[in-house]
Number of protein chains: 2
Amino acid sequence: MSKTYSISELANEFDVTTRSIRFYEDQELLRPARRGQTRIYSSKDRVRLKLTLRGKRLGLSLAEIRELFSLWDETRSGSEKQLHLMLSKIQERRAALEQQMKDITMVQLELESAEIRCRQALEELHQKQEEEAP
Amino acid sequence: MSKTYSISELANEFDVTTRSIRFYEDQELLRPARRGQTRIYSSKDRVRLKLTLRGKRLGLSLAEIRELFSLWDETRSGSEKQLHLMLSKIQERRAALEQQMKDITMVQLELESAEIRCRQALEELHQKQEEEAP
DNA sequence: AAACAAGTTTACGTTAACGTAAAGATGAAG
DNA sequence: CTTCATCTTTACGTTAACGTAAACTTGTTT
């Protein structure tokens, strides 16, 4: 018997609303089991949710995330044509991620330089204060 | 006389619609000059647009991007209180970027492993083909 | 039994980021 | 002059990703 989770347990752990979790299921990102009408989440479901939120932090739409999931799922069962299509989709995503890495690096540099400017401005303010009250 | 750009020049260069560019202006991300009623973009405006699109690729909302711009703009003129607020905002952003870096690394690993699975599945298919026609 | 907590479905509302269409101004080309 | 190409404003439409509220079921605590 591996561990299971209620919807609110997951909602608390990952700091999202139950509404969102149910919505992700509606979008076919999750497929929890049921006991009666109550949803029961396995640790696999939990991983899916984690991956979903990770994708969101990268700015992916739910549709794009779903596509990645089905890519992964069909890796085992695909035909040759399918597999080649998957490979190209995977390449596409990897290229986008590399672009994002570059973007992040650039923005980090800009923020760093903004921080330096900020600290310099602060120093100048403090020097003026010393001049006013010697 | 430094170079200027029309709205459609920028739209072509960055592969966005003129509608989007005007919308960004509406959201106060751009402030192009005017000749008559026609917009004229300086190279500074062009940089702003480039930064805007970079932010979008990272999943930032236009509001967040605007906040970053005003942080940068006010670095020179802020009061001490303002400057400290800016520093904390900058830290916030840098932390988010680091998280994003980690996320990207994870997803890259997952894609890599999906690619390997994919290639293995292809190899198995080809081996079967050889068995069928020796 | 009554109340309470946690879950459910259904459905309408909201916000961001544009798309799209209509109607007009402006300068250059035929 | 008129016919374009490119620009403009105004305004309504659309999609994604939920928020919010209402009404109901189910289990358990008092």
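Residue numbers start from 1 in every chain, and the chains themselves are labelled A, B, ... in the order their sequence lines are given, proteins ahead of strands.
- Rounded to an integer number of Å, the gap from CG of B/Leu30 to P of C/dA17 is 14 Å.
- No side-chain heavy atom of B/Arg22 sits less than 4.5 Å from a side-chain heavy atom of B/Asp26.
- The CD-C1' distance, from B/Gln27 to C/dA16, rounds to 8 Å in whole Å.
- Counting to the nearest Å, the P atom of C/dT8 and the CD atom of A/Glu25 are 8 Å from each other.
- Not counting sequence neighbours, the partners of B/Glu67 by the salt bridge (charged side-chain N to carboxylate O under 4.0 Å, His left out) test are B/Lys89.
- Screening residues 9-19 of chain A for salt bridge (Lys or Arg N to Asp or Glu O under 4.0 Å) gives A/Glu13-A/Arg46 as the qualifying pairs, with residues at least two apart or on separate chains.
- Looking at residues two or more places apart in sequence or on another chain, you find no side-chain hydrogen bond (donor to acceptor under 3.5 Å, both in side chains) involving A/Glu112.
- Pairs engaging residues 96-108 of chain B under the salt bridge (Lys or Arg N to Asp or Glu O under 4.0 Å) rule: A/Arg54-B/Asp103, A/Arg57-B/Asp103 [sequence neighbours left out].
- The CZ-P distance, from A/Phe23 to D/dT20, rounds to 15 Å in whole Å.
- Between C/dA17 and B/Ser20, no contact under 4.0 Å exists linking OP1 or OP2 to a side-chain N or O.
- Residue A/Ile21 contributes atom CD1, which lies 13 Å from atom C1' of C/dG7 at whole-angstrom precision.
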Per-nucleotide protein contact string for nucleotides 5-11 of chain D, where B marks a base within reach and S marks sugar-phosphate only (heavy atoms under 4.0 Å, - for neither): --SBB-B
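- Looking at residues 54-65 of chain A, you'll see A/Lys56, A/Ser61, A/Leu62 sit with a heavy atom under 4.0 Å from some atom of DNA chain D.
- A/Glu74 pairs by the side-chain hydrogen bond (donor to acceptor under 3.5 Å, both in side chains) definition with nothing, not counting sequence neighbours.
- With sequence neighbours left out, the side-chain hydrogen bond (donor to acceptor under 3.5 Å, both in side chains) criterion links B/Glu115 to A/Gln91, A/Arg94, B/Arg119.
- Rounded to an integer number of Å, the gap from CG of B/Asp26 to P of D/dC12 is 16 Å.
- Residue B/Glu64 is tested with B/Leu68, B/Leu62, B/Leu60 for a side chain to side chain contact (heavy atoms under 4.5 Å, CB included); the sole match is B/Leu60.
- At the phosphate of D/dA17, neither OP1 nor OP2 sits under 4.0 Å from any side-chain N or O atom of A/Tyr24.
- Residues that satisfy the salt bridge (charged side-chain N to carboxylate O under 4.0 Å, His left out) test with A/Arg34, not counting sequence neighbours, are A/Glu25.
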